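Have a look at the structure below, then the notes.
Values in this document were obtained by computation on a predicted structure and should not be read as measured data. So you know, we letter chains A, B, ... as the sequences are listed, proteins then strands, and number each from 1. What's counted below: heavy atoms across the whole structure, side chains too, no hydrogens, waters or symmetry copies.
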Amino acid sequence: MSHRLPERDRPWMMRTYAGHSTARKSNELYRSNLAKGQTGLSIAFDLPTQTGYDPDDELAKGEVGKVGVPIAHKGDMHALLDGIPLGEMNTSMTINATAAWLLALYIVAAEEQGVEQSALQGTTQNDIIKEFLARGTYAFPPAPSLRLIADMVAYTVTEVPRWNPINICSYHLQEAGATPVQEIAYAMSNAIAVLDAVRERVPQELMGKVFGRISFFVNAGVRFIEEHAKLRAMGILWEELGRERYGVQDPKHLRFRYGVQVNSLGLTEQQPENNVQRIVLEALAVTLGRDARARALQLPAWNEALGLPRPWDQQWSLRIQQVLAYETDLLEYPDVFEGSKVMDALVAELLEGARAEMAAVDEHGGAVAGVDYMKAALVDSHRERLRRIESGDQVVVGLNRFQGTEHSPLTDDAEGGILVVDPATEAEQREAVIAWRADRDQAAVDAALAELARVAAGTEDNIMPATIAAARAGATTGEWSRTLREAFGEYRAPTGVGEAAADAGAADLEPLREEVDRVSEALGRRLKILVGKPGLDGHSNGAEQIAVRARDVGMDVVYEGIRLTPAQIAASALQEGVHVVGLSILSGSHRELIPAVVRELRERGVEAPVIVGGIIPEQDVEPLRAAGVSAVYTPKDFDINQIMADVVALVAEHNGAAASA
Amino acid sequence: MSGPSGTELAERLRGGDLTAAPAVLNLVENAAPAARDEIAALLRGVSPAALGGEARAHVVGVTGPPGVGKSTLLSELVRAWRTAGRTVAVLAVDPSSRRSGGALLGDRARIAYDPEDPGTFIRSTAAGTRLGGLAPATRAAAHALAAAFDVVVLETVGVGQSETEVAEVADTVAVIVQPGSGDVLQFLKSGIMEIPDVLVVTKADLGDVAVRAQRDLRAALRSIGRRGTAVVAVSSVSPVRGIDELVAALDAHRAGLDVAARRLAARRAGALADFAAEHGERGVRALGGRRVARRVLEEQAAGADVPALTAALESRAGAPS
């Protein structure tokens with residue numbers, strides 16, 4: 001084999017995960033991104049859309065248009081894609097619980113452009129198991145959620161044949177702390193659960209095609225050699241799985257296809273410019289070796305740990321991809337790792353670990369029944385990672401080493417170098433959806449939803465035709481979801497914290513434990529903390545780590561998981577008699593939700609101090625304090641023991657003052 | 001001591017003021033010496049003597065092995081009781097071990113309730129010193145809240161011994177079992193386990209498996225001569241079913257119960273447990289053993305509250321016999 005390719009490879013598909021405020025504003029952003037040389041779309045939806053609520057829903061408060069675009073009905077989808085030729089575009093939608101609905105809206109929007117569904121290309125993320133494990137935007141219980149996925153696969157394989165109906169995500173597992181072995185094993189176990197469910201709903205002769213339509217969405221961290229080995233290992237396991245478990249033979253169907261968003265977990269708030277080189281190295285992990293190169297790539301922006309990126313920040317990340325693809329010689333060679341002893345040994349090591357871990361998941365009943373097991377394992381791994389960073393065993397430049405820095409001019413503008421969504425957006429969207437409902441053929445909507453309810457209650461019919469009919473009739477995201485919630489029931493995923501092993505051996509926790517004991521004795525009962533996640537944000541890693549550490553230093557901890565209203569948090573704090581309340585928000589809705597929680601607490605007579613953690617821009621800290629928050633922690637506060645010490649001191653002070661008054 | 005006094009809280013509970021519940025729990029959980037008299041005052045204020053009879057509530061123990069679906073079931077039960085207009089307090093005893101002194105109290109996460117509803121109160125409490133054992137505070141809380149709520153639920157984890165302890169406090173004990181797990185059958189047959197008042201088989205959505213489990217349990221109960229014990233199959237996943245039958249079975253048990261006798265026994269058992277928790281086995285020996293202790297308790301007035309009974313034991317232990 002020659003060491004050069006006869007002709008240069010075509011570059012991977014370049015996307016930017018984007019969307020905010022409104023469909024119209026996002027459409028402008030997409031058009032300008034495409035004009036800059038982006039080759040595919042990646043739609044970020046806001047949390048209400050992802051979890052199935054309309055902008056005027058109580059639970060949507062503070063979240064509309066924040067982390068993505070709100071899409072409530074076909075009119076919004078039409079505006080979002082206006083002027084973008086859907087017959088040629090390749091669109092990735094980060095959508096899971098409500099994936100069937102958003103695909104239906106996309107199909108209807110294409111219809112309006114005169115494009116048939118058979119011509120559509122793209123991906124719906126649609127991986128619900130990782131939502132239970134790591135990301136939190138689930139809406140229905142596991143069994144009906146898998147049925148929706150299986151229905152979509154069965155529908156698209158014949159009707160929308162160029163669509164990837166599901167993207168098995170290991171991305172979010174790494175963000176939740178997974179080791180490379182866990183990332184491989186849980187992603188593969190997850191794929192098995194999905195394929196087993198689909199097998200029930202499609203004829204065997206279609207299984208090869210189905211297998212070929214399953215793609216992956218992978219993460220890449222800064223240890224880029226090992227990360228590349230991870231992808232080679234996944235390719236080997238995937239082919240094995242296809243041949244052995246599902247009897248797939250066509251090599252085209254057996255190919256491991258994946259898209260990537262590189263790691264955000266390792267990006268730092270301190271010296272944020274360093275994130276640029278991290279992103280470049282992570283991009284190498286998924287492009288360097290031709291045999292395991294990504295099909296599509298999207299890179300985060302340098303300022304993700306600070307807040308939402310602006311168009312300029314996203315352009316910088318797109319340019320990284322373009323330099324890599326068009327300036328370097330990367331695409332001129334066959335696989336550069338072929339025959340590498342180091343690479344082969346790394347791959348073998350990962351394969352061995354992953355097979356053992358897949359067997360463990362299997363013993364727990366597979367990926368659906370084993371969600372509790374995997375969740376607890378992830379919480380444990382993440383805790384381990386944080387401990388290594390705290391102790392300095394894992395170096396993060398600018399965070400726990402080389403902290404001295406010149407002033408960064410990047411964050412000098414009024415907003416602190418991030419995008420701030422206009423607070424008026426939510427009210428506008430609320431009114432817009434109310435107007436939409438008033439202006440449609442209500443009888444047609446009612447009939448479509450009744451049919452949807454009938455299909456959902458049974459098991460025979462595929463959910464897609466009824467869903468597309470409801471989209472066409474003008475039903476809303478909230479109505480579609482409510483209909484299914486009524487048929488399927490609601491669900492709360494395991495939190496993973498109860499099962500996480502106690503870190504009993506850690507000697508450095510002793511002084512804190514003694515302090516907790518001392519203060520508890522003075523209080524008369526054990527120091528009790530409520531850790532709460534208000535709003536729709538499902539990123540629970542931070543909250544989980546705080547809960548586990550609080551337990552490990554001797555506190556009683558009430559943690560109820562994600563997606564709570566301010567009233568629910570306040571009622572729990574009152575009933576549980578907690579001494580302090582810790583709130584975590586990463587979606588940017590802290591300015592609305594935190595003051596609301598404080599208000600609800602005080603209205604109920606709970607005087608316990610409130611602390612907040614999350615991605616909180618510097619300029620928001622003072623307003624939160626003014627609203628009654630005692631302390632604010634951001635990603636730069638990586639020393640959890642210090643946070644614990646602060647909490648104990650805060651409780652001691654608060655109660656000391658109360659006793660002497 | 002911050003917070004309202006025991007006397008004030010008792011008065012509020014007697015008046016049916018459910019908003020007293022959080023402060024009641026904060027008080028009974030307080031282990032500081034200064035709180036002792038306040039707790040005694042609280043329990044005196046809700047004793048049968050003070051109430052003019054036994055407290056109104058139906059005290060229900062719900063117990064079963066981990067992962068059996070207790071909290072989801074409880075969620076449905078709470079909903080059914082509230083729909084029927086009955087107020088509910090749930091004391092969820094978390095089994096997590098206190099290796100570090102701390103505990104993660106996660107149970108309330110799975111009990112859905114309306115935060116604006118004053119008729120539902122849920123409190124997670126850590127277990128006593130033994131795994132799954134009831135802390136003295138939990139027993140005191142059950143006694144106190146029974147004066148104001150219609151239903152007081154004690155949720156504990158375990159099979160084989162925890163229901164014995166719950167039975168010392170509750171009017172009705174429901175043991176939850178999962179189809180396909182043989183433990184309960186074995187425990188029942190071998191007599192390791194006290195016979196519960198109601199047996200609940202979860203996951204009725206599993207169909208045949210659940211039906212078989214129900215049949216096996218009935219057969220086991222027949223073989224030990226307990227035909228009267230209700231066996232109810234429930235499903236707390238959609239479509240939910242069996243909940244109304246379970247509510248009816250719990251009510252039927254309560255209706256056939258000599259509440260005064262069961263509560264009297266509960267208070268005496270509670271006083272002995274509190275005494276043993278405070279003074280250890282050495283203290284019990286100083287009394288002349290459990291048999292003597294029980295005789296001492298039987299000499300006390302039927303309407304006496306737990307702290308008064310405990311005090312009687314302490315005064316006997318201190319005096320030379």
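Counted by atom type alone, Arg123(B) and Asn26(B) present one or more donor-acceptor pairs between their side chains at under 3.5 Å. Using modelled atom types and a 3.5 Å distance limit, the side chains of Glu560(A) and Ser572(A) yield a donor-acceptor pair.
Dense packing is recorded around CD of Glu8(B), with more than 12 heavy atoms of other residues, nucleotides or ligands lying under 6.0 Å away. More than 12 non-hydrogen atoms from other residues, nucleotides or ligands lie less than 6.0 angstrom from CD of Glu245(B).
Panel note: side chain Arg551(A), backbone Gly102(B); no donor-acceptor pair is recorded below 3.5 Å. Using a distance-only test at 3.5 Å, with no hydrogens or angles considered, no donor-acceptor pair links the side chain of Ser235(B) to the main chain of Val240(B).
Contacts between Ala31(B) and chain A at a heavy-atom distance below 4.5 Å involve backbone atoms as well as side-chain atoms. If you measure heavy-atom distances from Ile529(A) to chain B, you find no contacts under 4.5 Å at all. Heavy atoms closer than 4.5 Å to chain A are found in the backbone of Thr120(B), but not in its side chain. For Ala522(A), no part lies near chain B; criterion is any non-hydrogen pair under 4.5 Å.
Cation-pi contact between Arg86(B) and Phe149(B): absent, since separation from the ring centre below 6.0 Å together with deviation from the ring axis within 45° is not met.
Among residues 603-610 of chain A, the residues having any heavy atom closer than 4.5 Å to a heavy atom of chain B are, in sequence order, Arg604(A).
Looking only at heavy-atom pairs under 4.5 Å with chain A, the residue among Leu25(B), Thr19(B), Ile122(B) that has the most is Ile122(B). Interface summary for chain B: among Arg525(A), Lys528(A), Gln575(A), the most heavy-atom pairs under 4.5 angstrom belong to Gln575(A). Counting heavy-atom pairs under 4.5 Å between each of Pro141(A), Pro144(A), Gly489(A), Ala567(A) and chain B puts Ala567(A) at the top.
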Residues Lys375(A), Asp372(A); criterion salt bridge (charged side-chain N to carboxylate O under 4.0 Å, His left out); working and verdict: CA-CA 5 Å; Lys375(A) 178 74 188 176; Asp372(A) 293 60; over 6 Å; no
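In this structure, Ile463(A) CD1 and Arg147(A) CZ are separated by 4.5 Å, a value rounded to the nearest 0.5 Å.
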